[in-house]
Amino acid sequence: MLERWVADAASRSADYELLGWDGPVHDEHMERWLDLVLVMNTAPRDDLDLNDFTLTAEEVREHERIAAAGGYEPWTLVVRHKETGAWAGFHDVMYDPTQPQYVYVDSTGVRPEHRGHALGKWLKAAMTLRVLDERPGVTHIRTGNADSNDAMLGINREMGYRPLIAQSVWELPVETAATWLADRGVALPAPD
């Protein structure tokens, strides 16, 4: 199936091409990478009231230093629109040699204006085939997803992913929390 998805990209995603790298983001790619990663702000958030995240080159480099110090090996794929050169989506994974049976998916995202060309399938299939080829000791690939992300859940189910753990995120307005604490005699620090 994964090989078919990659082969199907020749027609369904013919206007696109893959590029990739191992390790840190190359300096010449940093500006485009910082812009592309923000596509994750378009991922479903259920009904949580979350702010969009931002990212700086310094934060990326710090994350890379921490990963390298831990021995982690990141692999990244980007799908690029051939005509415009626009970076349309990405998929990245992390390999931890101290746990050689696992590969961890960091993110998979496709810009809204490029969706509908099976780019997510192509990215995930190409990376998974590489993992299977170059890391034969890997027995599990772990990823995470919001329960409302139907597109990615569909891809993951087709690939054979199954639920392992669940996480619940609870949210309440600050005013409600302050009232609850005040009712219990807990003093809050004064705002700066």
Side-chain angles (χ1 to χ4, degrees), residues 1-44 55 60 63-64 67-68 72-97 99-146 149-164:
M1 179 191 71
L2 298 176
E3 290 169 346
R4 186 180 77 249
W5 286 1
V6 171
D8 288 349
S11 58
R12 187 159 185 197
S13 309
D15 293 336
Y16 297 88
E17 61 190 353
L18 293 182
L19 63 98
W21 62 84
D22 298 350
V25 177
H26 302 186
D27 289 337
E28 67 268 20
H29 296 323
M30 183 60 78
E31 186 175 329
R32 295 179 101 179
W33 177 249
L34 290 170
D35 182 57
L36 180 61
V37 170
L38 297 183
V39 71
M40 299 310 294
N41 284 321
T42 69
L55 193 62
V60 169
H63 176 74
E64 291 171 343
Y72 295 100
E73 299 174 20
W75 294 352
T76 303
L77 279 178
V78 170
V79 64
R80 177 173 51 196
H81 187 253
K82 290 177 186 177
E83 183 178 331
T84 64
W87 284 19
F90 77 101
H91 177 65
D92 57 346
V93 301
M94 190 77 69
Y95 175 74
D96 176 1
Q99 298 180 340
Q101 69 275 31
Y102 298 109
V103 162
Y104 297 92
V105 174
D106 187 20
S107 299
T108 307
V110 175
R111 292 183 191 273
E113 63 271 24
H114 294 279
R115 293 177 184 160
H117 301 282
L119 300 177
K121 280 185 170 183
W122 186 18
L123 287 161
K124 289 195 81 156
M127 183 67 80
T128 302
L129 288 169
R130 180 180 177 200
V131 168
L132 294 171
D133 183 51
E134 295 184 29
R135 297 285 186 233
V138 169
T139 59
H140 294 83
I141 301 174
R142 292 193 171 166
T143 190
N145 245 64
N149 191 341
D150 293 333
M152 192 54 59
L153 287 171
I155 292 170
N156 288 344
R157 286 185 188 112
E158 280 190 74
M159 290 180 71
Y161 283 93
R162 60 181 171 72
L164 176 66

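Quick note: residue numbers are just sequence positions, from 1. Computation of the quantities below employed the complete heavy-atom set of this structure, encompassing side-chain atoms and omitting hydrogens, waters and symmetry-equivalent molecules.
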Item to check | NE2/H29: more than 12 non-hydrogen atoms of other groups inside 6.0 Å | outcome: yes

Item to check | Under 3.5 Å: donor-acceptor pair, side chain of S13, backbone of H117 | outcome: yes

Checklist entry - Which heavy atom of L55 sits nearest a heavy atom of L38, and at what distance? => result N-CD2, 4.4 Å

Checklist entry - What class does the angle between the rings of H26 and W21 fall in, given that below 30° is parallel, 30 to 60° is tilted and above 60° is perpendicular? => result tilted

Checklist entry - What is the ring orientation for Y16 with H114, classed by angle as parallel under 30°, tilted 30 to 60°, or perpendicular over 60°? => result perpendicular

Checklist entry - When rounded to the nearest 0.5 angstrom, what is the spacing between CG in D150 and CZ in R157? => result 7.5 Å

Checklist entry - Can you tell which of V60, D92, L34 makes a side-chain contact (heavy atoms from CB on, under 4.5 Å) with V25? => result V60

Checklist entry - If you look at every heavy atom in R111 and D35, which pair is closest and at what distance? => result NH2-OD2, 2.8 Å

Checklist entry - Can any side-chain N or O of T128 pair as donor or acceptor with the backbone N or O of A125 at less than 3.5 Å? => result no

Next on the checklist: For Y72, is there any backbone N or O sitting under 3.5 Å from a side-chain donor or acceptor partner on D96?
Outcome noted: no

Item to check | Exercise: identify the closest heavy-atom pair between E17 and W122 | outcome: CA-CH2, 3.8 Å

Next on the checklist: Take a 6.0 Å sphere around CD of E3 and say whether it holds more than 12 heavy atoms from other residues, nucleotides or ligands.
Outcome noted: no

Checklist entry - Within a reach of under 6.0 Å around OH of Y102, are more than 12 heavy atoms found that belong to other residues, nucleotides or ligands? => result yes

Next on the checklist: Rounded to the nearest 0.5 Å, what separates atom CG in L77 from atom CG in L19?
Outcome noted: 8.0 Å

Next on the checklist: Please give me the minimum heavy-atom distance between A14 and K82, naming the atom from each residue.
Outcome noted: O-NZ, 3.0 Å

Checklist entry - Can you tell me if CD on Q99 sees more than 12 non-hydrogen neighbours from other groups inside 6.0 Å? => result yes

Checklist entry - Where do P100 and P97 come nearest, in terms of heavy atoms and distance? => result CD-O, 3.4 Å

Checklist entry - What distance separates T143 OG1 from I155 CD1, expressed to the nearest 0.5 Å? => result 10.5 Å

Next on the checklist: Check whether K121 reaches the backbone of A9 with its side chain - one donor and one acceptor, N or O, closer than 3.5 Å.
Outcome noted: no

Item to check | Presence of salt bridge, E73 and R135, under 4.0 angstrom | outcome: yes

Checklist outcome for this item: Heavy-atom closest pair (V110 atom, G120 atom, distance to 0.1 Å) is CG2-N, 3.8 Å

Checklist entry - Within a radius of less than 6.0 Å around CD of E83, do more than 12 heavy atoms belonging to other residues, nucleotides or ligands occur? => result no

